[in-house]
Amino acid sequence: MSFNKKVWQLCKKVPRGKVTTYKEIAAAMRTKAYRAVGNAMNKNPYGLLICGYGKNMVPCHRVVDSTGHIHGFAHGLKKKSDLLRKEGIKIRKNKILEFEKVRYRF
DNA sequence: GCTTTGACTCTCG
DNA sequence: TCGAGAGCCAAAG
């Protein structure tokens, strides 16, 4: 299985209402390719399904950096924060509130 | 194959 | 507290 697919697989394991970080994912794969993880997200073929919540969706919007701050998103940061808020996660200025509480650990 | 490119993270000052 | 710099890794050209 390719590196990217592993990333997406792990991504899908994040439950609704929870978030994870690029670092967590990398750690779960026993690697330190934090940046490559983000790169994988950016190129993920299921990106367009995020908003539609399709069968093979990869909840990329539940992945943020180690500080709980949101970076880029294929559909825009606003869209991403909206989706997270809809799942019960509070966001303010691209920053996740109560990060430690909603953070999912593998 | 070597070089470039990131949705990253850590360390300093 | 915050920004700059350096280190990191895999994918794409």
Side-chain angles (χ1 to χ4, degrees):
Chain A
M1 185 177 302
S2 71
F3 177 84
N4 285 7
K5 285 189 176 181
K6 288 183 188 172
V7 173
W8 303 327
Q9 291 295 318
L10 287 172
C11 242
K12 293 198 292 189
K13 293 182 60 179
V14 181
R16 234 185 111 84
K18 291 284 185 176
V19 298
T20 190
T21 70
Y22 301 99
K23 184 182 178 180
E24 283 288 335
I25 292 177
M29 294 191 298
R30 310 289 187 272
T31 178
K32 301 184 184 66
Y34 317 121
R35 305 190 72 167
V37 172
N39 211 339
M41 288 300 169
N42 187 39
K43 301 183 193 305
N44 110 59
Y46 308 114
L48 297 177
L49 300 180
I50 295 174
C51 303
Y53 284 85
K55 185 189 305 180
N56 297 319
M57 80 157 195
V58 177
C60 308
H61 59 287
R62 299 189 191 131
V63 184
V64 297
D65 67 23
S66 67
T67 69
H69 193 268
I70 299 174
H71 276 262
F73 187 56
H75 299 285
L77 296 179
K78 188 175 186 305
K79 191 85 175 181
K80 181 169 183 174
S81 54
D82 282 345
L83 286 171
L84 289 172
R85 229 192 300 272
K86 187 159 55 177
E87 297 186 349
I89 297 173
K90 301 185 181 91
I91 307 287
R92 178 158 58 80
K93 293 179 181 176
N94 296 332
K95 167 78 176 176
I96 293 185
L97 302 180
E98 304 180 325
F99 181 48
E100 289 303 319
K101 294 184 181 178
V102 298
R103 182 174 172 182
Y104 175 75
R105 294 165 205 288
F106 289 99

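Note: hydrogens, waters and symmetry copies are ignored here, and every other heavy atom, side chains too, is used. Quick note on labels: first sequence line is chain A, next is B, and so on, each numbered from 1.
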Give the rounded distance in Å between these two atoms: [atom1] of [X] and [atom2] of [N].
X: Met29(A); N: dC9(C); atom1: CE; atom2: P; value: 13 Å
X: Tyr34(A); N: dT5(B); atom1: OH; atom2: P; value: 24 Å
X: Asn4(A); N: dT5(B); atom1: CG; atom2: C1'; value: 14 Å
X: Glu24(A); N: dA7(B); atom1: CD; atom2: P; value: 21 Å
X: Lys95(A); N: dA7(B); atom1: NZ; atom2: P; value: 19 Å
X: Ile91(A); N: dA7(B); atom1: CD1; atom2: C1'; value: 15 Å
X: Arg30(A); N: dA10(C); atom1: CZ; atom2: C1'; value: 19 Å
X: Tyr22(A); N: dA10(C); atom1: OH; atom2: P; value: 18 Å

Any chance the side chains of Thr67(A) and Asp65(A) put a donor and an acceptor closer than 3.5 Å?
yes
What does [X] touch in the nucleic acid at a heavy-atom separation under 4.0 angstrom: a base, only the sugar-phosphate, or nothing?
X: Phe3(A); value: sugar-phosphate
X: Asp65(A); value: sugar-phosphate
X: Ala33(A); value: sugar-phosphate

Closest nucleotide of DNA chain C for Arg35(A) versus for Asn39(A): which of these residues is on the 5' side?
Arg35(A)
Starting at the 5' end of DNA chain B, which residue's closest nucleotide do you reach first, Lys23(A) or Val37(A)?
Val37(A)
Would you say His71(A) places a side-chain N or O within less than 4.0 Å of OP1 or OP2 belonging to dG6(B)?
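The answer is no; no side-chain N or O of His71(A) sits under 4.0 Å from OP1 or OP2.
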May I ask you to verify if any side-chain N or O of Ser66(A) is less than 4.0 angstrom from the OP1 or OP2 atom of dC10(B)?
yes
Salt bridge check, [Y] against [X]: does any charged N sit closer than 4.0 Å to a carboxylate O?
X: Arg105(A); Y: Glu100(A); answer: yes
X: Glu87(A); Y: Lys18(A); answer: no
X: Lys78(A); Y: Asp82(A); answer: yes

Using only atom types and a distance under 3.5 Å, with no angle test, would you say the side chain of Arg85(A) pairs donor to acceptor with the backbone of Lys90(A)?
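Not at all, since once roles are kept as given, no pair shorter than 3.5 Å links the two residues.
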